[in-house]
Structures are given as structure tokens and as C-alpha cells.
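Please read all numbers here as calculations on a predicted model, not as lab measurements. For reference, positions follow the sequence shown, starting with 1.
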Amino acid sequence: MKSNTRSIILALFAVGGLTATTIASAAGESSRTYQQELAVCGHNQQDRAACIREAGAARQAAARGGLTSAPDYRGNALARCSLQPPTERSACEARVLGSMGNTRTMVDGSVMGGGVIRESVTTTMVPVAPAPEPMPMPMPMRPMR
């Protein structure tokens, strides 16, 4: 009986130690992310005080488990392309994915600057029409008498 109780107590200590280690490593990761976010403050176009406040709010949200992984922006953009008419869909996907086939995509601007502009240029070959027949030479004018 004594041996059984001792085994249960040791098992509880082992589980508690593993839990504490997991929590400590998660706290270390949160602190490391917070330090990285603070390092960016002052080096971007955002107000430094606002940047520090947002980093702190993100740290608190992470501690509560309120943060999730980064959103899938590419998947979201492709989903918006599926709403386009079939004739426009391939051009939309080419803009999202970048250059594809005979389409070249250029991206200009930034989110901090107010928006990202995507321009795509598609090169199409137009069949050459046969040259028109040259016009006949006009008849020389005869002098009037």
C-alpha cells in the first residue's frame, strides 16, 4: 500500500514537472516574439508608442491562447478570384500568383503606404492579316484643248 501511494506521488510530480517545463518554454517563446516585435518599433512608419502597445496586447493575447496562426492570404485571394466570371478568373489568378505563362505581374506600393497595386500585362499574338492589294496608279491626266 505504501509503495502504491509513493508511486502515485512520484507520478504526479513527474506530470507536474512536465507541465511546468511546457509552460516555461511557451512563456520563453512568447517573450522572444515580444522582444522581436519591440525591436521593429521605431523602424517602421507606425508611431513608436502605438507599436509598443500593440506588441504588449499581442503578448497578452498569446498568453491567453487568443492568437492563432497567420492567415492564408494567398488562399483568401484565390477564393476571391473564384467569384469572378470565368473569362476573368484566369487573369485574377495570374495577378495573385504572379507571372504565369504569357502574363507578367508587377506589384507596387505597400500596405503601410496605403495599398498594394497589382498590374498584369498579358501578351497575346494577333494573327497577321494579309496586306491589302495596292491601289492602281491613277491614269495620267491629258491636257485639255
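For the atom pair CG (Leu38) and CZ (Arg48), the distance works out to 7.5 Å, reported to the nearest 0.5 Å. Atoms CZ and CD, on Arg59 and Gln35 in that order, are 7.0 Å from each other to the nearest 0.5 Å. In this structure, SG in Cys92 is found 7.5 Å from CG in Leu78, a value given to the nearest 0.5 Å. Distance check, rounded to the nearest 0.5 Å: CD1 of Ile52 to OH of Tyr34 gives 7.0 Å. Rounding to the nearest 0.5 angstrom, the gap separating the CG atom in Leu97 from the OG atom in Ser90 is 11.0 Å.
Using a distance-only test at 3.5 Å, with no hydrogens or angles considered, a donor-acceptor pair links the side chain of Arg89 to the main chain of Gln84.
Annotation: side chain of Arg74 is in contact with side chain of Asp72 (closest heavy-atom distance under 4.5 Å).
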